[in-house]
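Every number for a ligand or one of its atoms is a count from 1 in the order of the listing. Nothing fancy with the numbering, it's 1 onward along the sequence.
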Amino acid sequence: MAASEAVPYAKTGGLADVAGVLPGELARLGHEVTLVLPRYRSFHTRSHSLRIVGTIPVRTAEGLIDATLEEDLLPAGPGSRPVRVLAVRHDPYFDREGLYQGREGDYPDNLARFVFFSRAIIEVLEFLVRTGRQLTQVVHLHDWQTALCAMYLKTEAGDRGELQKMKTLLTLHNVGYQGLFPGDQFPTTGLPASLFTPAGLEFYGSVNLLKGGILFSDAVSTVSPTYAKEIMTPAYGFGLEGVLAGRKDGVFGITNGIDVDSWNPETDQYLPARYSGGDLSGKLVCKRELQRELGLPNSEVPLIGAIGRLTSQKGFDLLAEVIPELMALGVQLVILGTGDRDLEERFREAQARYPRQIGVAIGFDEGRAHRVEAGADMLVMPSRYEPCGLSQLYSLRYGTVPIVRKTGGLADTVVPYKPRTVQEGKATGFHFDELSADSLLSTILLAVKVYEDSEAWDSLRKAGMAVDSSWARAAKEYAAVFRRLVARR
Ligand code: ADP
């Protein structure tokens with residue numbers, strides 16, 4: 001498993017949760033897993049246990065560079081082999097404040113950094129063989145940062161026996177991020193010029209790393225079945241819809257799980273009180289404390305939470321648009337996020353204007369994310385597109401009813417409130433389809449109406465809390481894909 005971020009080492013988004021948790025789940029199924037990561041500065045959390053195990057030569061445009069490998073063993077639970085973590089250390093590239101960007105935006109040498117990492121993955125595969133640690137069968141890559149590894153394996157491993165047989169799966173976590181670089185930087189990839197064509201890495205004159213990965217991987221997946229279908233259409237494919245639809249074996253979706261140990265309302269150490277589906281009284285304590293934490297008066301009115309990157313993908317601009325109407329309704333709104341300065345400013349202004357109804361926390365704060373999930377009555381996710389989404393899965397488990405746009409993983413994981421689904425006790429939340437402030441608002445209005453009917457609300461919460469979002473299910477689906485790949489000639 002190779003990724004540019006994974007919990008507990010480095011995280012900027014959902015990818016880190018997947019890459020950090022899936023290896024352990026696969027280990028629990030009996031697989032031997034090595035996780036390869038860049039050794040960032042932020043590794044401090046577990047750096048005490050890292051030990052140097054060797055060096056690997058990495059080819060770059062500037063010649064060979066020796067990278068240090070630091071190893072950690074991540075426990076996978078009783079009776080299971082731990083996950084071997086190999087961190088590729090090359091401080092000039094990775095000992096930086098951010099993973100992909102600094103104060104001035106994206107690092108200008110990101111192409112060189114992730115070309116380096118993608119090549120390093122191959123050297124790690126060889127290192128594992130050479131040192132008798134592991135003979136890898138499948139290399140599971142994630143997103144543009146590791147996509148090139150599939151190209152290097154296919155085009156350069158010809159004379160490297162063991163590497164030649166390895167199969168690759170590329171998982172797309174968000175097709176909106178493709179690793180696009182100016183065409184004149186192509187030589188940095190070290191690939192032959194014959195690959196810089198529309199049938200290769202070229203994308204309207206630019207270098208597109210994700211495209212290369214899609215073309216050269218043995219299989220391509222994404223993180224929910226609906227998103228897998230959506231990205232083959234112009235509305236969601238960000239220009240790659242043709243390349244994706246052109247894959248003979250298609251693109252399939254495996255819905256992400258969640259880390260059910262860290263996200264468990266019965267044991268969550270971030271919460272002021274704990275609770276379960278059988279006894280929700282602790283949830284009320286969480287609501288009161290959340291109101292206090294964000295300077296809101298204690299009140300019984302519905303509290304709507306929103307967590308996430310403040311970007312247009314997440315549709316928070318729609319939420320900002322309907323604030324006056326929500327305020328007139330008397331509800332409270334809690335927003336935790338960071339991102340677009342514009343949106344941050346809009347939410348801050350709204351808070352100043354409605355201090356008794358809006359609480360805004362700008363920043364990334366894991367503990368607070370848990371407290372919002374627990375303390376809110378509803379969680380809103382008005383995403384324009386959402387490959388899978390994790391926050392709505394946490395909400396379900398925390399008895400917080402999700403209000404989501406019907407797209408990607410949100411459509412797959414939230415069962416919408418309808419007469420039939422309610423009658424069958426299956427409804428877990430609310431969907432809205434049309435991407436508009438009006439449509440969002442009318443769905444929140446419906447949710448608030450249902451909230452007042454405590455029996456109906458209880459049924460929604462109970463159904464949500466009973467959903468199995470564990471990684472165990474997803475890991476089994478991935479393992480089946482790996483077996484199919486290995487069996488393929
Ligand atoms: P994406 O990966 O597109 O950002 P996901 O919903 O898949 O969206 O995952 C987002 C993850 O990051 C969730 O675990 C969510 O709780 C967390 N998160 C997002 N913003 C914040 C924040 N401001 N503070 C704490 N956690 C956050």
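- Atom 15 (C) of ligand 1 has Ser391 OG, 3.8 Å as its closest protein atom, hydrogens excluded (heavy atom only).
- For the residue pair Thr171 and Ser221, a side-chain donor N or O sits within less than 3.5 Å of a side-chain acceptor on the partner.
- For ligand 1, one of its N or O atoms has an N or O atom of Asp365 under 3.5 Å away.
- For the pair Gly14 and ligand 1, the shortest N or O to N or O distance falls below 3.5 Å.
- When heavy-atom distances to ligand 1 are checked against a 4.0 Å cut-off, Leu390 comes that close through both its backbone and its side chain.
- Taking the six-membered ring for Trp and the full ring otherwise, Phe114 and Trp144 have centroids separated by under 6.0 Å.
- A salt bridge is absent between Asp268 and Arg397: the closest approach of a Lys/Arg side-chain nitrogen to an acidic carboxylate oxygen does not fall below 4.0 angstrom.
- Looking at atom 16 (O) of ligand 1, its nearest protein heavy atom turns out to be Tyr394 CE1, 3.9 Å.
- Minimum interatomic distance between Thr400 and Ala374 (heavy atoms only, all atoms of both residues): OG1-O, 4.3 Å.
- Those atoms of ligand 1 that come under 4.0 Å of a heavy atom in Ala369, given as number and element, are 25 (C), 26 (N).
- Classified by interplanar angle (parallel below 30°, tilted 30° to 60°, perpendicular above 60°), the ring pair Tyr478/His140 is tilted.
- Residue contacts with ligand 1 for His173 are absent, since no atom lies close enough (heavy atoms, distance under 4.0 Å).
- Remark: distances from the non-hydrogen atoms of Gly389 to ligand 1 include one below 4.0 Å.
- Each of Tyr394, Trp471, Tyr270 was scored for a ring-ring contact (aromatic ring centres under 6.0 Å, His included) with Trp263, with one residue passing: Tyr394.
- With hydrogens left out, the protein atom closest to atom 27 (C) of ligand 1 is Phe364 CE1, 3.3 Å, a heavy atom.
- Close approach to Gly308 involves these atoms of ligand 1, each under 4.0 Å from a residue heavy atom: 19 (C), 20 (N).
- Nearest to atom 23 (N) of ligand 1 by heavy atom, out of Gly13, Gly363, Ser383, is Gly363.
- Using cut-offs of 30° and 60° on the angle between ring planes, the pair Tyr385 and Tyr227 is parallel.
- Salt-bridge formation is detected for the pair Asp317/Arg384: a Lys NZ or Arg NE/NH1/NH2 atom is positioned less than 4.0 Å from an Asp or Glu carboxylate oxygen.
- Between Phe43 and Tyr40, the ring planes lie tilted relative to each other; the angle falls in the 30° to 60° range.
- Proximity of Lys314 to ligand 1, defined as any heavy-atom pair under 4.0 Å, is confined to the side chain (atoms from C-beta onward).
- Of all protein heavy atoms, the one closest to atom 4 (O) of ligand 1 is Arg309 NE, 2.8 Å.
- With a heavy-atom cut-off of 4.0 Å, Asp17 touches ligand 1 through its side chain alone.
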